Amino acid sequence: MFALVDCNNFYASCERVFQPSLNGKPIVVLSNNDGCVVARSNEAKALGIPMGAPAFEFEKMFEKNSVHVFSSNYALYGDMSSRVMNILSTFSPDIEIYSIDEAFVSFDGCDYFSLQNIGIDMRYKVHKYTGIPVCVGFAPTKALAKVANRIAKKFPELGGVYVIDTVAKLQKAIKWLKIEDVWGVGRQHAKRLQAQGIKTALDFTLMNDAWVKKNMSIIGLRLKKELSGIRTLELEEIQDKKSIACTRSFDRNYSTYDEIKERIVTYATICGEKLRKQDSCCNILQVFIVTNFFRQDQPQYSMGISVNLPFPTNSSIELAKFAVEALDRIFKTGYGYKKAGVIVMELTPETSKQKMLFENSDPKHLELMAVMDKLNKSYGQQKVKLAAQDLDRTWKMKREKLSRRYTTRLDEIITVYVP
DNA sequence: TCTGGGGTCCTAGGACCC
DNA sequence: TCTGGGGTCCTAGGACCC
């Protein structure tokens, strides 16, 4: 059996741990630049605030309903996540961290244990040690564990744990689950399936294999089996990333080459840091720039370009150089740019770097980057920069409602008043 | 005025090879 | 006049996830 453990309204719950007075009150957490709503407490959901709602459109509504608004605090969420995952690892050595707020845990060979009780214990310990509420769903396949988790979340009277361990429960669950809520069925597939008269996960499992294969590829076919109780997905090992991206919207429209160039260099530097963290080099680098497509009154332009590097590298200096060369080939004046990004691909391990005949990554950079990474780790992100970056720039991203980094910075830890 | 960011996998079709 | 067959690799685009 698999367990799927999923934190409830994760980002909102993280904020609440350190401000318990907000329990029972509506909370939303915003994306970068305080742009969109990316997390909502149950109370905020009940107010009808949709996922992805643009913050500026809802400002008055937030105020009227006393919604507590937070900028995203990834230092906090990342640390809280690893605490939760550590606790889950004590229940079984076989765990797959599926995202920042959920994990699959394998309980194969535990036939004589009560999974219900294990689930209750997981919930208790995670909440006791971190303050984060979670729900647990058990089932024989991953897709069904997702379903079980959904049921645990949807029906609070179950106590946050649900086990699908009989045919009757399986049938009942997939009959209850609407097709558009199935894991792996997005908007497009849902539309096409509904057009075929498919309303529930059960209907889907009764479909013709050929149709599923043709319209949803072998992924759809696998999903169909999973929902019927036949295992096709196993726990996955943590693997190195196959591509790494740094893409950001700007705080305003940028129109000059120099402004964009500075951003591109910074994004390339960040890609370099991420590459070095997993000991990879990249062989392809992609750069894109786009104007603000919400502004129909302004001329639009978007362009990307992908460059095959002459040698694999993870040196920020070299990546920045190639990124600027790429930018030069796509930048056009006369537009207000709103977003840009650098993506690195075809990653190969640092250790198996191929020596090229004529050109190679500068070996001196290896040590230099190691020193840069070390300094930035001790003194804070982006303390040591390339000269092509804006040295005065501190943090232009809009983050007006940022909470403290309670768990990762000594100078920001929680204050306790003793009367 | 203001609208996020970072990933994965699969397929069809074209280019190319012998 | 008649004009094969079987591969591989790459890429763009589409779908999905959180």
Side-chain angles (χ1 to χ4, degrees), chain A residues 4-7 9-11 28-39 49-60 62 69-74 77-78 81 96-104 142-143 146 149 179-193 212-223 232-233 236-253 267 270-271 274 278 283-284 286 288 290-298 304-306 308 336 338-347 396-401:
Chain A
L4 177 71
V5 187
D6 193 311
C7 302
N9 316 322
F10 184 55
Y11 297 170
V28 297
V29 180
L30 305 181
S31 63
N32 278 352
N33 266 323
D34 291 348
C36 302
V37 172
V38 292
I49 301 165
M51 184 68 172
F56 75 93
E57 281 179 11
F58 282 76
E59 225 162 280
K60 286 211 178 90
F62 291 158
V69 182
F70 290 90
S71 303
S72 36
N73 183 345
Y74 288 106
Y77 312 149
S81 169
E96 174 191 340
I97 298 171
Y98 182 68
S99 74
I100 193 163
D101 74 331
E102 61 188 292
F104 288 100
K142 280 178 146 184
K146 274 271 186 189
N149 188 287
I179 188 65
E180 63 268 30
D181 294 333
V182 172
W183 181 46
V185 175
R187 261 212 299 272
Q188 299 306 314
H189 285 334
K191 223 192 305 172
R192 232 179 289 176
L193 286 163
V212 175
K213 169 95 198 323
K214 181 157 181 289
N215 290 278
M216 300 173 69
S217 82
I218 68 158
I219 296 181
L221 225 39
R222 268 201 300 248
L223 179 62
T232 64
L233 304 172
E236 281 174 32
E237 312 262 321
I238 312 155
Q239 283 169 4
D240 281 348
K241 299 246 185 314
K242 295 175 177 169
S243 69
I244 288 174
C246 178
T247 69
R248 298 266 190 288
S249 300
F250 309 139
D251 50 331
R252 57 184 167 81
N253 279 1
Y267 299 168
I270 293 171
C271 283
K274 292 185 184 176
Q278 68 164 40
N283 292 274
I284 293 178
Q286 215 171 294
F288 73 84
V290 289
T291 50
N292 187 345
F293 53 82
F294 288 105
R295 296 288 300 271
Q296 289 311 318
D297 55 324
Q298 294 175 349
I305 191 171
S306 156
N308 292 309
K338 182 60 183 164
K339 183 175 176 173
V342 175
I343 303 162
V344 291
M345 297 179 306
E346 288 236 334
L347 310 188
K396 281 194 190 166
M397 190 165 81
K398 194 173 158 202
R399 286 173 116 190
E400 289 172 354
K401 318 274 189 180

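Lettering of chains follows the sequences in order, A, B, ..., and the numbering in each one begins at 1. All values derive from a computational prediction rather than experimental measurement.
In this structure, the nucleotide among dT3(B), dG7(B), dC18(C) sitting nearest to the side chain of Ser99(A) is dC18(C). For Lys146(A), counting side-chain heavy atoms from C-beta on, the closest listed nucleotide (dC18(C), dG4(B), dG5(B)) is dC18(C).
Protein atom CD of Glu59(A) is 13 Å distant from nucleotide atom P of dC2(B), rounded to whole Å.
Neither OP1 nor OP2 of dT1(B) sits under 4.0 Å from any side-chain N or O of Arg295(A). Within the 4.0 Å cut-off from OP1 or OP2 of dG4(B), not a single side-chain nitrogen or oxygen of Thr247(A) is found. Within the structure, a side-chain polar atom (N or O) of Lys338(A) is placed less than 4.0 Å from OP1 or OP2 of dT3(B). Not one side-chain nitrogen or oxygen of Lys398(A) sits closer than 4.0 Å to the OP1 or OP2 atom of dG4(B).
Nearer to the 5' terminus of DNA chain B, by closest-nucleotide assignment, is the contact made by Asn292(A) (compared with the other of Glu236(A) and Asn292(A)).
The ring-ring contact (aromatic ring centres under 6.0 Å, His included) search around Tyr74(A) returns Tyr11(A), Tyr77(A), not counting sequence neighbours. In this view, Lys213(A) and Ile218(A), Leu221(A) satisfy the side-chain contact (heavy atoms from CB on, under 4.5 Å) rule, not counting sequence neighbours. Applying the ring-ring contact (aromatic ring centres under 6.0 Å, His included) test to Phe62(A) and every residue at least two apart in sequence or in another chain returns nothing. Listed by chain and residue number, Lys142(A), Trp183(A), Arg222(A), Glu226(A) satisfy the side-chain contact (heavy atoms from CB on, under 4.5 Å) test with Leu233(A) (two or more places apart in sequence, or in another chain). Every salt bridge (charged side-chain N to carboxylate O under 4.0 Å, His left out) that Asp181(A) has, sequence neighbours left out, goes to Arg150(A). Not counting sequence neighbours, Asp34(A) has no partner by the salt bridge (charged side-chain N to carboxylate O under 4.0 Å, His left out) test. By the salt bridge (charged side-chain N to carboxylate O under 4.0 Å, His left out) test, Arg192(A) is found to be paired with no residue, residues two or more places apart in sequence or in another chain being considered. Legend: residues meeting side-chain contact (heavy atoms from CB on, under 4.5 Å) with Ser31(A), ordered by chain and number and at least two apart, are Cys36(A), Val38(A). Scored by the side-chain contact (heavy atoms from CB on, under 4.5 Å) test, Glu57(A) finds Pro54(A) as partners (sequence neighbours excluded).
Within 4.0 Å (heavy atoms only), Asp101(A) reaches sugar-phosphate atoms of the nucleic acid but no base atom. At the heavy-atom level, Ile244(A) lies under 4.0 Å from the strands shown only through sugar-phosphate atoms.
Checking side-chain atoms of Glu96(A) against main-chain N and O of Phe104(A) turns up no donor-acceptor pair under 3.5 Å.
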Watson-Crick and G-U pairing of DNA chain C written in dot-bracket, each distance under 3.5 angstrom, with | for inter-strand partners: ....||||||||||||||
Close N/O contacts between protein and nucleotides 8-15 of chain C (under 3.5 Å):
unit_1: dA15(C); atom_1: OP1; unit_2: Arg192(A); atom_2: NH2; d: 3.3

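Annotation: proximity of residues 212-222 of chain A to DNA chain B (heavy atom, distance under 4.0 Å) is found for Ser217(A), Ile218(A), Ile219(A), Arg222(A), numbered in ascending order.
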